[in-house]
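Here's the structure, in structure tokens; my notes come after.
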Amino acid sequence: MNDDSLRRQLDELCRAINDHNYRYHVLDQPVVSDAEYDRLLSELRAIEEQHPEWVPPDSPTQRAGAQPSARFSKVRHPAPILSLGNAFSEADLRAWFERISRVDERVRKASFVAEPKLDGLSVVLHYADGLFVQGATRGNGEVGEDVTPNLRTLRSLPLRIPVDRSAPKPPADLFVRGEVFFTKADFEALNKRQAEEGGQIYQTARNTAAGTLRQLDPAITAARPLNLFAYNIVSAHGQAPTTQWATLELLRTLGFPVASESHVCKSMDEVLALYEQWKASRDELPYEVDGMVVKVDDLRLAEDLGFVGKDPRGAIAYKFPALEVTTSLQDIGVNVGRTGVLTPYAMLEAVEIGGVIVKQATLHNFDFIKDKDIRVGDRVLVKRAGDVIPYVIGPLLAARSGKEKKYVPPKTCPVCGQAVEHLAGEVAWYCVNAACPEQLVRNVEHFVAVLDVVGMGEKIVIQLIQAGLIKDAADIYSIKREDLLKLEGFADKKADNLIASIQATLTNRSLSWAITALGIRGVGDVVAQKLARKYHDLDALSKASATDIDDIEGIGPSIAQAIVDWFAKPTNRNVLKKLKKAGFWPVSQPPKKPSGAQPFAGLTFVVTGTLPAFSRKEARDFIEDLGGKVTDSVSAKTSYVVVGEDAGSKLERAKQLGVATLDEPALRKLAHKRK
DNA sequence: GATCCTCGAGTTCG
DNA sequence: CTCGAGGATC
């Protein structure tokens, strides 16, 4: 790249970042995610490092933030409230360590304090003779906004220190730095309340915390449970501790809430190990954490290290991979499901979220698009939380250029072209063409997936259909070895394996799985099990009347009718006939006699996360064998939630509802105890 | 009629 | 995991 274009890029980056700063700090309406902002900033830094002579006076690297808005009176901080440099990888962190070690050899033997980096809003609290007299936002680092009345509403903020009167007295003038934030549970509860009252739904906890703290009416702030953690002493008239760890201890002694995760590390290796640990368990924390702040514990050493621009060298923020990013929604596509449901999905400009590149995300249904007012061309916020599947939270209205296009749902099936239908009172739109090729593919896929035919994924199914080898699910049993060998990509071994895998379904498959495999709308494994208990084979089920099926507990008129309708269709009758002929005809097994004790009788369990010794299915079998019930969602009726590694929202919910949790050993112990 | 619970369906990437 | 909808319960 030549100098001219590099310089243009520098100017463009400055302009963009200044704009983002304004939107973030003044408007509370960011149009890019933190991760993207950080990326722009590090690009800018890289150029400025190469060409320090180019750095413009208004470069965002030359100040710590943006101007405060005019609504609140201004407060000058006693010392500049610094920002931190970022590290995004182990290499970045080690490079930082090497850099500061070269500045001062003592660093090599130094200890570090690791603190969780909360996704909140920085504040400075002023205590005069132990009394909370003023609190301000960070603002641009030198001047912030006076939000004292709002801060007073925070329950965790001590209005007088020390809270414990017997503790030592604090310095006459103490300025404490802290972070204001919502816990995940409080934020969810707030949104739930907003939804009930028909109010606005907030997208991100951080922006809402910022908005809440900057309410002109403190009553509004008071009604929203903001939290505080203190982590720094900005100024204490020479009476501040000399290490960061002692600072945290002093703050705790005085009665400030301090993040309990904070930890002293004796080496970089310890820091890195702790980082990995935090990263793995970050979903379990009650608040959003977007990284780890690593500080040189010895504060005088940290001071000696000096600054790079406005960032102190003695501390750095080591970020977690972002879980929430913004990207642009390039188009909306539509999938056709097994039941004919049309499901829209977002085609996104590729972005990295939590370590993987995401290009697509479901949009659930057409109402979702309409309710969130998602338009093609929008910048959207995409989240990938403790789960794996990314989803679109909503558009960033502030980023609208006017060129975005409203989305019009298709009137016809995107695959077969037949008109789509919509049942009154239902959200979903259906392609009702029984011969729709997409539905056939999905149907066969479902059939083989339920019966556990290995080596038959989407690609192979499509290939077999296109080759004319199968016209419905039952046709898999008539596939010949020599037919497969003619297909591209099939040699002896692959063909043999597939045939063997199909043949394996003829033995040892229960009636309930067979019923599930048929793919009747509303019939999954639970309903199928109930049906298999009452009807001894598929013939018996096919002859049952709707009222007869309706009698089963847990099955109502609408599913009963769907079952009757399915068996009434000639094409499906034909499938049944073929299955019988092929020898796929499971019958009800006599109900298993409860073997031994039933210590879990009457108890309902939910299993979440990865258990150490059990697979999910083994855990389920274990519980059911002992007479317990296993369901998928946590409710007030759940007796125990069995928690494994990487447990997500179910654990959250269990805590909220006060449902008891068990780990695997505790589960075994419970089984033993109740015998 | 409202509310809670449970089930099913579709879902991303490597 | 999220959402919608069916079913049970009050």
Side-chain angles (χ1 to χ4, degrees), chain A residues 188 195-196 283 321 323 325 327 333-348 350-369 371-372 382-394 422-431 438-439 441-443 445-446 449-450 457-458 512 515-531 546 549-563 604-606 608-609 629-639 646-653 657 659:
Chain A
E188 265 171 44
E196 278 162 12
D283 291 330
L323 295 181
V325 303
T327 186
V334 176
N335 280 326
V336 182
R338 165 166 68 80
T339 56
V341 182
L342 304 192
T343 312
Y345 62 93
M347 299 171 171
L348 304 167
V351 275
E352 189 182 321
I353 315 180
V356 301
I357 308 288
V358 172
K359 282 175 255 179
Q360 273 189 23
T362 181
L363 293 170
H364 306 296
N365 57 60
F366 299 113
D367 279 9
F368 182 87
I369 299 176
D371 291 347
K372 301 243 162 169
V382 182
K383 189 171 180 173
R384 188 170 170 270
D387 55 332
V388 197
I389 296 161
Y391 59 102
V392 174
I393 296 177
H422 170 85
L423 294 165
E426 256 190 54
V427 168
W429 286 78
Y430 289 89
C431 166
E438 187 69 7
Q439 285 181 57
V441 172
R442 291 288 144 96
N443 236 309
E445 262 180 68
H446 174 73
V450 170
E458 184 182 354
S512 70
I515 296 172
T516 309
L518 298 177
I520 303 167
R521 172 137 70 106
V523 180
D525 51 8
V526 175
V527 172
Q529 250 178 53
K530 289 177 178 172
L531 292 169
I549 299 171
D550 188 16
D551 281 347
I552 302 173
E553 187 179 324
I555 302 179
S558 116
I559 291 177
Q561 194 55 50
I563 295 167
T604 308
F605 295 79
V606 173
T608 182
K629 211 174 138 203
V630 179
T631 65
D632 248 4
S633 54
V634 182
S635 72
K637 287 191 179 162
T638 309
S639 323
D646 285 332
S649 66
K650 283 179 195 167
L651 176 57
E652 280 281 303
R653 200 166 147 68
L657 293 170
V659 174

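All chains are named by letter (A, B, ...) in the order of the sequence lines, taking the proteins before the strands, and each is independently numbered beginning at 1.
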Roughly, in whole Å, what's the span from [atom1] in [X] to [atom2] in [N]?
X	N	atom1	atom2	result
A:L531	B:dC7	CG	C1'	13 Å
A:Y345	B:dA9	OH	C1'	17 Å
A:Y430	B:dA9	OH	P	9 Å
A:I353	B:dC13	CD1	C1'	11 Å
A:E445	B:dA9	CD	C1'	13 Å
A:E458	B:dT11	CD	P	10 Å
A:M347	B:dT12	CE	C1'	14 Å
A:L363	B:dT11	CG	C1'	11 Å

Checking [X] now: which residues fulfil side-chain contact (heavy atoms from CB on, under 4.5 Å) with it, not counting sequence neighbours?
X	answer
A:T362	A:T343, A:H364
A:Q529	A:S512, A:R533
A:S558	none
A:A346	A:L329, A:L348, A:L363, A:V392

inquiry  = Using heavy-atom distances to pick each residue's nearest nucleotide on DNA chain B, tell me which of A:V358 and A:V341 is more 5'.
reply    = A:V341

query = Does OP1 or OP2 of B:dT11 have a side-chain N or O of A:N335 closer than 4.0 Å?
reply = yes

Phosphate-side-chain proximity, A:T604 and B:dC5, N/O vs OP1/OP2 below 4.0 Å = no

inquiry  = So if I define the base as every atom that isn't primed, P, OP1 or OP2, how would nucleotides 3-10 of chain C read as a B/S/- string at a heavy-atom cutoff under 4.0 Å?
reply    = SSSSSS--

inquiry  = What's the closest nucleotide to the side chain of A:K359 if the choices are B:dC13, B:dT11, B:dA9?
reply    = B:dC13

ask   = Nearest to the side chain of A:V527, which nucleotide is it out of B:dT12, B:dG14, B:dG8?
value = B:dG8

inquiry  = Using only atom types and a distance under 3.5 Å, with no angle test, would you say the side chain of A:S639 pairs donor to acceptor with the backbone of A:T604?
reply    = yes

ask   = Between CD1 of A:I515 and CG of A:L531, what distance do you get to the nearest 0.5 Å?
value = 5.0 Å

message = Taking side chain to side chain donor-acceptor pair (under 3.5 Å) as the definition, give me every residue that meets it alongside A:Q561, ordered by chain and number, with sequence neighbours left out.
response = A:D565

query = NA contact type, A:L342, heavy-atom cut-off 4.0 Å: base, sugar-phosphate, or nothing?
reply = nothing

